[in-house]
2 protein chains.
Amino acid sequence: MEQRLREREIRYTSGRRVVVAALARAEGPRSAAELSTEIGAAVPLSSLYRSLAVLEDAGVVVPHFGARGLTRYELADWITGHHHHLICVACGTVDDVEILPEYEIKVNELVDLIAQLAGFEPRAHDLEIEGRCAKCS
Amino acid sequence: MEQRLREREIRYTSGRRVVVAALARAEGPRSAAELSTEIGAAVPLSSLYRSLAVLEDAGVVVPHFGARGLTRYELADWITGHHHHLICVACGTVDDVEILPEYEIKVNELVDLIAQLAGFEPRAHDLEIEGRCAKCS
DNA sequence: GTACCACCTGAGAACCATTCTCACTACAGG
DNA sequence: CCTGTAGTGAGAATGGTTCTCAGGTGGTAC
């Protein structure tokens with residue numbers, strides 16, 4: 001990751017390290033507000049947003065739009081491994097799920113088929129499952 | 001749909017009809033701003049938002065969070081048929097795709113499997129494919 | 001080691017999609 | 001018709017996010 005940033009002449013400063021570390025600790029996408037709470041005053045909100053934007057440009061973090069007017073971020077697939085999302089309609093939590101490679105292969109086949117039929121050139125996909133998490137059911 | 005609203009003692013007023021009609025005409029999810037442009041001054045923004053909220057409660061429209069701070073709405077699956085989304089990274093358009101029933105069955109199987117492994121009770125799912133649409137590639 | 005310069009940071013203001021408030025209007029039942 | 005409840009419109013308020021601008025900092029060249 002440091003290498004990736006260096007290639008793009010983006011400094012991996014302490015503030016950015018803190019943000020990446022917080023995301024690495026998380027079990028799913030986190031909003032700027034959640035990150036800010038976790039990190040504390042070390043990184044002010046405006047810098048936090050800027051760091052997220054820079055890291056997004058660099059392809060290190062990926063935005064996830066799962067709730068009204070709230071953007072959550074998580075580390076990109078190439079860092080954490082490809083995964084999908086479970087969204088709880090009761091508590092709003094978004095959790096990552098990794099799925100067995102054989103299932104992932106099937107998902108990929110479907111994605112390619114669907115895209116091909118629509119003349120669409122697929123680049124990424126995300127399967128979102130909405131329902132009730134173990135805690136809320 | 002009228003019946004569904006009547007059951008819930010929600011009036012299907014002319015303003016709401018206009019909103020539903022605009023969504024029915026659209027080929028994919030539309031934001032409040034886009035709808036407002038299309039509809040014109042007949043329905044002021046505040047009413048438009050309220051109508052969308054009411055219709056969402058009634059399960060007639062479904063919100064779709066696909067861009068930074070922007071909520072797009074579309075008619076619910078039970079009206080338009082179940083479908084997935086193609087999101088163009090170049091122009092930002094979100095288009096609906098219906099997929100062959102046999103594929104949909106596979107998607108459902110995968111969703112059930114994934115959810116089961118995570119102790120999650122699935123209610124709905126959405127497969128989002130990101131890439132370049134035919135126009136932008 | 002120090003001077004430079006582009007990049008980065010912090011605080012607050014600005015922005016903009018969305019929601020709220022409140023006075024007003026329009027149906028539906030009696 | 002009268003009344004009550006639901007719906008509407010305009011504008012203010014909200015809140016997540018982005019912008020601005022005045023410093024700070026790290027990396028490079030000398």
Side-chain angles (χ1 to χ4, degrees), chain A residues 1-23 29-58 60-74 92 94, chain B residues 1-23 29-58 60-74 92 94:
Chain A
M1 180 159 74
E2 292 193 35
Q3 186 187 343
R4 178 139 181 171
L5 292 175
R6 218 173 294 125
E7 277 168 13
R8 305 187 180 214
E9 304 191 331
I10 295 168
R11 293 186 193 149
Y12 193 30
T13 61
S14 63
R16 292 174 185 172
R17 275 170 210 274
V18 171
V19 173
V20 170
L23 284 173
R30 291 285 178 270
S31 68
E34 289 163 346
L35 290 171
S36 188
T37 304
E38 163 149 5
I39 291 172
V43 178
L45 255 191
S46 63
S47 297
L48 178 53
Y49 276 110
R50 206 171 5 209
S51 294
L52 287 170
V54 168
L55 293 169
E56 182 186 345
D57 270 1
V60 172
V61 306
V62 171
H64 187 254
F65 313 105
R68 210 169 295 274
L70 196 74
T71 305
R72 291 172 200 270
Y73 291 87
E74 61 183 348
V94 182
Chain B
M1 182 160 73
E2 292 193 37
Q3 185 186 346
R4 177 138 180 173
L5 292 175
R6 218 173 294 123
E7 278 168 11
R8 305 186 181 214
E9 304 192 328
I10 295 169
R11 292 184 196 150
Y12 193 30
T13 61
S14 63
R16 292 175 185 169
R17 275 170 210 274
V18 171
V19 173
V20 169
L23 285 172
R30 290 285 179 270
S31 67
E34 289 162 346
L35 289 172
S36 187
T37 303
E38 164 148 4
I39 292 172
V43 179
L45 257 190
S46 64
S47 297
L48 178 53
Y49 277 110
R50 206 175 3 213
S51 293
L52 288 170
V54 168
L55 293 169
E56 183 188 342
D57 270 2
V60 171
V61 307
V62 171
H64 187 254
F65 313 106
R68 210 169 296 274
L70 197 76
T71 306
R72 291 172 199 271
Y73 291 86
E74 62 184 348
V94 182

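Quick caveat, the model's predicted, so the values are computed rather than measured. So you know, we letter chains A, B, ... as the sequences are listed, proteins then strands, and number each from 1.
- The overall bend of the helix from C:dG1-D:dC30 to C:dG30-D:dC1, read as the angle between its terminal helix axes built from five base pairs each, is 30° when rounded to 10 degrees.
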Q: Show your reasoning for whether side chain to side chain contact (heavy atoms under 4.5 Å, CB included) applies to B:Val43 and B:Leu35.
A: CA-CA 10 Å; B:Val43 179; B:Leu35 289 172; over 6 Å; no
With a cut-off of 3.5 Å and sequence neighbours excluded, list every side-chain donor-acceptor pair involving residues 9-23 of chain B.
| from | atom 1 | to | atom 2 | distance (Å) |
| --- | --- | --- | --- | --- |
| B:Arg16 | NH1 | B:Arg11 | O | 2.8 |
| B:Arg17 | NE | B:Tyr12 | O | 3.3 |
| B:Arg17 | NH2 | B:Tyr12 | O | 3.3 |

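- Looking at every heavy atom in both residues, A:Leu48 comes nearest to A:Ala32 through CD2-O, 3.3 Å.
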Q. Which nucleotides of nucleotides 23-30 of chain D have their base under 4.0 Å from a protein heavy atom (B), which only their sugar-phosphate (S), and which neither (-), written as one string 5' to 3'?
A. --BB----
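- If you take CG of B:Asp57 and P of C:dT19, they are 11 Å apart, rounded to a whole angstrom.
- The OH-P distance, from B:Tyr12 to C:dA28, rounds to 15 Å in whole Å.
- The side chain to side chain contact (heavy atoms under 4.5 Å, CB included) check on B:Arg6 picks up B:Glu2, with sequence neighbours excluded.
- Taking atom CD of residue B:Glu9 and atom C1' of nucleotide C:dC27, one finds them 14 Å apart after rounding to whole Å.
- The side chain to side chain contact (heavy atoms under 4.5 Å, CB included) test applied to B:Pro63 returns A:Arg68, B:Glu56, B:Phe65, B:Thr71, B:Tyr73, not counting sequence neighbours.
- Taking atom CG on A:Leu5 and atom C1' on C:dC8, their separation rounds to 14 Å, with Å as the unit.
- One atom, CG of A:Leu52, and another, P of C:dG10, lie 14 Å apart when rounded to the nearest Å.
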Q) Going 5' to 3' along nucleotides 11-19 of chain D, which nucleotides have protein heavy atoms under 4.0 Å from the base (write B), which only from the sugar-phosphate (write S), and which from neither (write -)? A) B----SBBB
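- A straight line from CG of A:Leu48 to P of C:dC8 spans 16 Å, rounded to a whole angstrom.
- Within the structure, no pair that satisfies the side chain to side chain donor-acceptor pair (under 3.5 Å) test touches residues 44-53 of chain B, not counting sequence neighbours.
- Nearest heavy atoms, A:Arg4 versus A:Ala58: NE-O, 3.0 Å.
- Annotation: side chain to side chain contact (heavy atoms under 4.5 Å, CB included) contacts of B:Ser31 (sequence neighbours excluded): B:Ala33, B:Glu34, B:Leu70, B:Arg72.
- Rounded to an integer number of Å, the gap from A:Arg8 CZ to C:dC7 P is 16 Å.
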